[in-house]
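Below is one structure; the comments refer to it alone.
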There are 2 protein chains.
Amino acid sequence: MFKTYNKSRLSLQKGDIMSAKRKQIISAAHQLFVDKGFALTSIQDILDKAGIAKGTFYNYFESKNQCLKAILESISEQVEQERREIAIGKEMSDEEVFIEQVTVRIKMNRQHHLLTVFETVSFSEDSELKLFMEEQHRAELQWIGSRFNDLYPDKAQDYTLDYAVIFTGITHHLILTWKLGSSQELDIEKVIRYALNSVKSLSNNQSYIIDPFLPVSWLDGDDNSKEVDITSVIKRLEELNEQLTKQKGTSKQKELTQFFIAELQKTTPRAFLLEGVIMSTKKAFHQTRFEHEVKQITEKIWKIIQ
Amino acid sequence: MFKTYNKSRLSLQKGDIMSAKRKQIISAAHQLFVDKGFALTSIQDILDKAGIAKGTFYNYFESKNQCLKAILESISEQVEQERREIAIGKEMSDEEVFIEQVTVRIKMNRQHHLLTVFETVSFSEDSELKLFMEEQHRAELQWIGSRFNDLYPDKAQDYTLDYAVIFTGITHHLILTWKLGSSQELDIEKVIRYALNSVKSLSNNQSYIIDPFLPVSWLDGDDNSKEVDITSVIKRLEELNEQLTKQKGTSKQKELTQFFIAELQKTTPRAFLLEGVIMSTKKAFHQTRFEHEVKQITEKIWKIIQ
DNA sequence: CAATTAATGGACTCTGGGTATAAAATATTC
DNA sequence: GAATATTTTATACCCAGAGTCCATTAATTG
């Protein structure tokens with residue numbers, strides 16, 4: 001029952017030293033997630049395996065989701081680290097280096113049975129976790145794109161992002177499909193070579209595709225910040241209001257809900273009003289059936305008013 | 001006598017007339033899943049929206065997952081239907097027809113906000129649902145492959161499956177990435193054309209790729225039935241045993257667990273023995289913390305002994 | 001009408017995430 | 001090494017939500 005996590009951790013944290021306990025928990029949780037899957041692993045399982053008390057767990061992670069996030073983070077760091085090491089003293093234009101580097105992440109994810117970030121972007125309804133995963137996806141695409149530029153500086157150019165997407169798309173889908181049809185071990189390197197060749201072939205034969213689909217700057221974030229769909233928010237508010245009526249909603253809750261509906265329907269909702277009311281709304285729904293829903297809605301409203 | 005689970009009632013086949021109630025439930029659930037997401041929609045929500053009682057719900061679906069499955073099934077049927085209609089009186093070799101047909105599914109999935117089957121193959125830990133989704137994925141790939149054969153009978157050939165995978169991979173990943181970078185409506189048709197052009201370009205330029213990656217027969221199922229990894233099963237059994245020791249496991253339970261471990265470690269586990277014990281094992285764990293885990297394990301053992 | 005079948009609604013169980021907290025164990029500081 | 005601060009533990013508890021049960025009430029139908 002004593003933790004024996006070998007696997008000499010190379011994941012050095014930026015500044016903070018991960019406490020041994022934290023590592024211990026992560027290691028246990030990680031193993032369980034791999035074995036049984038995230039959803040089927042209960043906190044209790046983690047506690048048992050790590051040999052700790054519940055309180056301790058919540059000392060280090062504020063939720064199961066956050067714990068998963070921590071694991072994913074640590075994996076990502078490992079990946080970065082290894083990729084850096086691979087590149088040491090090598091030419092960045094060397095295809096073999098690239099292939100090896102890409103392999104790292106895929107192997108890591110498969111060995112961990114944690115589906116690739118790309119594989120699961122939307123598997124969670126936890127908005128923070130989701131954002132995190134989207135960010136991971138974005139980062140990976142950008143990395144691949146930049147590597148393409150290293151490899152084929154003349155060919156890639158405006159098409160880098162396109163190629164990155166095509167490359168990951170092919171890779172990912174080949175792996176997925178392989179799993180569908182066989183239990184045999186898949187040679188990841190072969191997949192990557194295949195995908196890379198496809199992209200090269202495309203780049204040599206652009207007669208079919210005239211314009212890049214995605215501008216290279218696509219992922220630069222900045223402010224293509226997703227706009228929130230106001231009407232959908234209103235819809236949810238109305239739904240909420242309806243439920244409040246049916247059930248034992250307090251009059252204050254209904255009042256707040258209706259206020260939001262009314263205000264959002266105006267051509268120019270007054271931001272300062274909304275902003276002021278969001279806080280008290282959250283409070284009014286604290287510890288009720290609707291807390292989560294309200295949290296989500298207010299988050300969106302928050303985004304709307306910026 | 002009132003039967004809670006009447007199989008013939010629960011699994012209506014295509015031919016059956018879906019009762020109005022069932023439709024009503026599906027429609028409500030569907031809408032909610034779209035609005036709030038699957039995980040965040042509670043059964044209660046569905047009941048409220050559909051205006052029915054809990055009992056009724058469980059008369060028609062044996063679980064929330066099964067309800068989702070029903071929705072997905074109905075969508076798939078719609079897709080098939082529409083695709084058939086599109087093709088009526090048209091040439092199967094017409095690219096435009098193909099494009100329109102493909103669009104159907106994607107639009108359907110996006111309009112429903114239910115991630116494409118391909119997008120979510122592994123989002124659930126419910127093994128039946130998972131199998132169902134895998135099956136969907138398989139079917140879609142096969143369909144696309146066969147359509148490629150219609151379109152490019154001379155080019156496709158041994159590469160059909162490869163191309164199908166590449167095509168869906170590109171399509172899916174483009175959509176995914178688009179969502180990452182912008183909230184603007186994406187022109188699905190444009191995506192499909194882009195992916196199709198990519199595949200065409202590849203097929204015109206096979207110098208890079210000599211052999212198809214996936215044999216066309218890959219998905220024919222039959223007997224590339226996944227083998228179950230015995231060692232992983234043993235691992236889980238040991239884990240279970242450990243937990244039983246720590247907690248209030250009955251001696252019978254431990255006995256059974258240890259029997260499995262011992263038997264599976266033999267070079268040739270005796271199938272008839274295992275088979276016989278599985279049933280009583282399930283019983284021994286009925287209504288315990290470990291029921292689910294045991295169910296999973298025995299399922300795997302079942303597969304091992306065929 | 002009588003018998004069957006469907007629908008209701010509420011009470012109930014169980015699991016699992018998360019909180020709270022007092023007491024015990026460790027660490028830290030002087 | 002005592003005094004203080006911090007972690008850890010253990011345990012009891014809250015709550016939501018899935019799923020079950022069942023007695024009662026419609027609704028169908030032969």
Side-chain angles (χ1 to χ4, degrees), chain A residues 1 3 18-25 28-29 32-33 36-48 50-68 124-126 129 243 246-248 285-296, chain B residues 1-6 8-10 12 17-25 28-29 32-33 36-68 124-126 129 243 246-247 285-295:
Chain A
M1 70 175 285
K3 290 287 66 42
M18 269 226 252
S19 83
K21 262 269 148 36
R22 193 181 151 95
K23 271 191 204 163
Q24 177 187 347
I25 299 172
L32 285 166
F33 291 168
K36 327 192 349 181
F38 179 69
L40 293 184
T41 300
S42 69
I43 301 259
Q44 194 54 53
D45 291 334
I46 300 174
L47 305 186
D48 291 350
I52 56 161
K54 209 169 201 176
T56 312
F57 178 90
Y58 282 101
N59 248 356
Y60 290 95
F61 307 97
E62 59 187 28
S63 69
K64 201 178 148 193
N65 274 338
Q66 288 303 309
C67 176
L68 172 60
S124 155
E125 323 243 5
D126 174 299
L129 190 49
Q243 293 213 351
K246 261 195 228 152
Q247 301 179 24
K248 62 274 167 179
F285 285 93
H286 184 53
Q287 295 254 353
T288 72
R289 275 198 65 206
F290 308 104
E291 182 171 14
H292 197 147
E293 172 73 0
V294 167
K295 207 170 145 198
Q296 287 203 328
Chain B
M1 178 56 190
F2 182 94
K3 289 177 239 152
T4 315
Y5 292 129
N6 183 332
S8 70
R9 184 100 205 59
L10 283 171
L12 291 179
I17 309 104
M18 269 221 252
S19 81
K21 263 274 150 28
R22 192 181 150 97
K23 269 190 204 159
Q24 178 188 347
I25 299 172
L32 286 165
F33 291 169
K36 324 189 357 181
F38 178 69
L40 293 184
T41 299
S42 70
I43 301 263
Q44 194 53 52
D45 290 335
I46 300 175
L47 305 186
D48 292 350
K49 181 141 213 154
I52 55 160
K54 208 166 205 176
T56 313
F57 179 89
Y58 282 101
N59 249 355
Y60 289 97
F61 308 97
E62 60 188 24
S63 70
K64 201 176 147 193
N65 274 338
Q66 289 303 309
C67 177
L68 172 61
S124 154
E125 322 245 4
D126 174 299
L129 190 51
Q243 292 212 353
K246 261 195 228 155
Q247 301 179 24
F285 284 93
H286 184 54
Q287 296 255 351
T288 72
R289 274 199 67 206
F290 308 104
E291 183 169 15
H292 198 144
E293 173 73 359
V294 167
K295 208 168 143 197

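Chain identifiers are assigned alphabetically (A, B, ...) following the order of the sequence lines, protein sequences preceding nucleic acid strands; residue numbering begins at 1 within each chain.
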Item to check | B/Q24 CD - C/dA6 P separation (whole Å) | outcome: 16 Å

Checklist outcome for this item: From CD of B/Q44 across to P of D/dA18 the rounded distance in Å is 9 Å

Item to check | Spacing of B/F61 atom CZ and B/I43 atom CD1 [to the nearest 0.5 Å] | outcome: 10.0 Å

Checklist entry - Could you give the OH-to-P distance, from A/Y58 to C/dG16, as a whole number of Å? => result 12 Å

Item to check | Integer-rounded Å distance: C/dA6 P and B/F61 CZ | outcome: 15 Å

Next on the checklist: Would you say that B/F38 contacts B/N65 through its side chain, given a criterion of any heavy-atom pair below 4.5 Å between the two side chains?
Outcome noted: yes

Checklist outcome for this item: Looking only at heavy atoms, the pair that brings B/A28 and B/K49 closest together is CB-CG, 3.7 Å

Checklist entry - Starting at CG of B/D48 and ending at P of C/dG10, how long is that distance when rounded to a whole Å? => result 12 Å

Item to check | Listed partners of A/Y60 passing ring pair (Phe, Tyr, Trp, His ring centres under 6.0 Å), at least two apart | outcome: none

Next on the checklist: How long is the straight-line distance from CZ of B/R22 back to CD1 of B/I52, given to the nearest 0.5 Å?
Outcome noted: 12.0 Å

Output a table of nitrogen or oxygen pairs between the protein and nucleotides 22-25 of chain C separated by less than 3.5 Å.
none

Next on the checklist: Would the distance check show the side chain of A/D45 and the main-chain N or O of A/S42 forming a donor-acceptor pair, the cut-off being under 3.5 Å?
Outcome noted: yes

Item to check | Cation-pi, A/F57 ring and A/K21 (6.0 angstrom, 45 degrees) | outcome: no

Item to check | Atom-pair distance (CG on B/L40; P on C/dG17), nearest Å | outcome: 16 Å

Item to check | Separation of D/dC14 P from A/I43 CD1 (nearest whole Å) | outcome: 20 Å

Item to check | Flag side-chain contact, heavy atom, 4.5 Å: A/I46 against A/F33 | outcome: yes

Give every pair of a protein N or O atom and an N or O atom of nucleotides 7-11 of chain D that lie under 3.5 Å apart, one pair per line with the distance.
from, atom 1, to, atom 2, distance (Å)
D/dT8, OP1, A/Y60, OH, 3.2
D/dT8, OP2, A/Y60, OH, 3.1
D/dT9, OP2, A/A53, N, 3.1
D/dT9, OP2, A/T56, OG1, 2.6

Checklist outcome for this item: Between CG of B/L47 and P of D/dG19 the distance, given in whole Å, is 12 Å

Item to check | Non-hydrogen atoms of A/T41 and A/L32 that approach each other most closely | outcome: OG1-O, 3.4 Å

